[in-house]
**Q** 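Shown below is the structure under consideration.
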Amino acid sequence: MNDPLMRLGRLAKQGPSDDQVSQRIERVRTRFRESFDQAHTSPRPTLPLFAGALTVAAVVCGTFFWWSARERPLEAFAEAQSGELTGESVSSGQGTKQIQFSDGTRLSLHPGTVVHVEGTTSRGATLQLREGRAFATIVPSDEAQWLIEAGPYAVHVTGTEFELSWDPSDGELELAMHRGSVVLTGPNVPGKLTVQGSEFVRFRVAERAEEPPEQEASRREAPERGAPEQEAAKDAEIEETNGVRGEARSGSGSVGSDAGEPAKAPRSARLLWDLVQEARQRRDGDGARSALLELRSRHGARGQTAYLLGRVHADELGSPAEAIHWFEMYLKEAPGGSLSEQALGRLIELQAGTAAGRKAAQRYLDRYPHGSYARLARSSSQ
Amino acid sequence: MPSQAAHSELLSGKPPSQATVVPLSTSDEAIVKGLVARERWAANALYDRYAQPIEAMLRHTLGHERHADLEDLLHDVFVQALGSASSLRDSVALLAWLQTIAARIAFRTMRRRKARAWLQFWAPESLPEVATRAAGQEIRQACARLYAVMARLPASEQLVFSLWHIEGMEMKQIADVCEISLSTAKRRLRKARERVHRMAAADPELASWMTEQGGDT
């Protein structure tokens with residue numbers, strides 16, 4: 001590059017900072033989206049014959065359309081999912097999936113994640129992370145109102161990037177901030193906790209909310225009810241450990257040799273969930289089954305316990321008939337539950353080649369035509 | 001990647017409010033089809049993918065601090081792109097297509113600025129200097145003078161010169177983007193270089209800088 005003019009041209013090319021350019025592009029992005037909406041929602045006015053009167057009319061109409069567009073609820077889109085997303089659940093199945101909102105906000109779902117779009121407004125949306133892990137990029141705005149619920153926890157957002165994970169079986173929430181800040185509320189969270197910067201927090205539900213006990217339908221579940229429970233302390237302490245700003249740990253318990261026996265002393269739901277989790281990690285099917293059955297009989301925990309019992313029987317105990325029973329039970333107890341797709345998928349796998357399997361496949365395809373088991377369901381339904 | 005079924009649904013041309021399928025990774029071909037079907041996601045994907053190079057091209061050809069309306073121009077490029085999307089062919093190269101639109105807009109802007117400067121006796125020298133990340137005050141001034149000199153070129157030559165010297169495009173690419181023949185592009189660049197060298201030699205700051213850099217003014 002001997003030509004000084006060429007050299008000067010290259011220097012002039014360097015221009016402003018990346019931040020300035022990014023901000024400019026971001027500002028234009030918003031305008032461009034509005035232009036797209038206007039071009040596709042309102043017809044262009046024809047050339048006015050009475051310019052004055054029509055100009056006034058155009059201004060009035062323009063203001064009206066601007067306000068209409070401004071107040072219109074955000075639209076949500078997701079890969080391979082048809083219909084309105086509001087009120088719907090999006091499951092990433094075995095793969096990944098992205099939910100996009102019309103303001104540019106994105107939610108990237110990791111495998112095995114289920115997000116329910118509770119509702120949208122012109123300023124944001126209410127979402128429920130029912131299971132799994134999601135990376136959220138919320139477009140910043142002073143008026144933004146986003147709420148992401150994960151079990152009993154709630155994350156209030158105005159504009160930021162973070163990763164949120166919720167494991168309903170463990171009652172554990174993880175929040176990793178990438179940019180900006182959020183306000184977190186929920187069990188064991190000290191008040192309204194502001195999480196910001198690159199902080200990471202993990203909380204675990206100290207005591208699961210108990211559902212009203214129901215008549216136990218299963219022949220397997222022990223009817224006995226113990227003395228009134230001596231529940232463990234509900235609030236766990238917040239620890240400062242290894243970059244984990246706040247980590248609420250529930251009381252722990254171990255699955256002893258008698259874990260499979262009916263409880264001699266009443267055990268809290270929190271302790272039982274811990275026992276389930278630990279047993280599953282140790283691949284102790286009997287221990288997990290006993291704790292789950294006790295949760296159902298003693299604490300009336302329905303839905304998720306049935307699903308987990310299905311999984312324990314299928315994966316750990318090698319008893320497909322029992323697994324089928326429990327997956328069916330889950331679908332009865334929680335027909336619109338977040339694990340319905342997985343339960344139906346398991347039923348297809350467990351009953352492959354049978355009439356019941358074909359029926360399950362058809363049920364699956366009716367509800368999840370693009371779901372992660374769709375291919376298996378199509379081949380099984382024929 | 002989206003399934004074939006998802007793609008077929010994606011390309012089915014639903015009205016924007018009903019569009020519900022957004023591939024995670026989209027090819028240019030899918031974006032073209034989405035644009036033709038007036039899908040919202042395609043417009044978003046087009047902007048997400050190409051806003052940066054088009055913004056840079058506009059900034060390089062027009063000078064980023066010399067045009068308070070750079071955001072308007074960037075917006076215009078994509079709005080015009082949407083307006084003409086219905087005529088797109090499947091195999092069109094999206095970036096080249098957008099660059100052509102950006103070049104037209106840059107050319108019109110240059111002409112408008114010249115007319116406005118003439119009407120208002122608004123000499124290019126009075127414009128704010130061009131800020132660069134290239135540190136030194138001396139370089140900043142030289143860059144500002146370069147843009148001031150370029151602004152005195154005919155718009156057609158200014159565009160070709162800036163695309164070559166600042167944006168760094170190849171001649172063939174410049175010819176395509178400016179919708180002129182290769183020989184015309186070369187001729188315009190040659191004329192522009194001659195003029196710029198002449199004006200630079202007459203400009204004390206530019207001449208000084210070029211002499212320091214070992215160039216022949």
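Source: prediction; values computed, not measured. Lettering follows sequence order; numbering is per chain, from 1. All values below were derived from every heavy atom in this structure, side-chain atoms included, with hydrogens, water molecules and symmetry-related copies excluded.
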**Q** Write out, in numerical order, the residues from residues 169-177 of chain B with a heavy atom short of 4.5 Å from a heavy atom in chain A.
**A** none

**Q** Taking C-beta and beyond as the side chain, do Leu82(B) and Phe32(A) meet within less than 4.5 Å on heavy atoms?
**A** yes

**Q** Can you tell me how far apart CZ (Arg24(A)) and CG (Leu74(B)) are? Round to the nearest 0.5 Å.
**A** 8.5 Å

**Q** Is the number of heavy atoms from other residues, nucleotides or ligands within 6.0 Å of CD (Gln52(B)) greater than 12?
**A** no

**Q** With a 4.5 Å limit on heavy-atom distance, are the side chains of Asp72(B) and Arg31(A) in contact?
**A** yes

**Q** Taking all non-hydrogen atoms of both residues into account, name the closest pair between Arg33(A) and Asn44(B) and its distance.
**A** NE-OD1, 2.9 Å

**Q** At what distance, to the nearest 0.5 angstrom, does CZ of Arg29(A) lie from CZ of Phe78(B)?
**A** 9.5 Å

**Q** Looking at CD of Glu71(B) and CD of Gln23(A), how far apart are the two atoms once the value is rounded to the nearest 0.5 Å?
**A** 9.5 Å

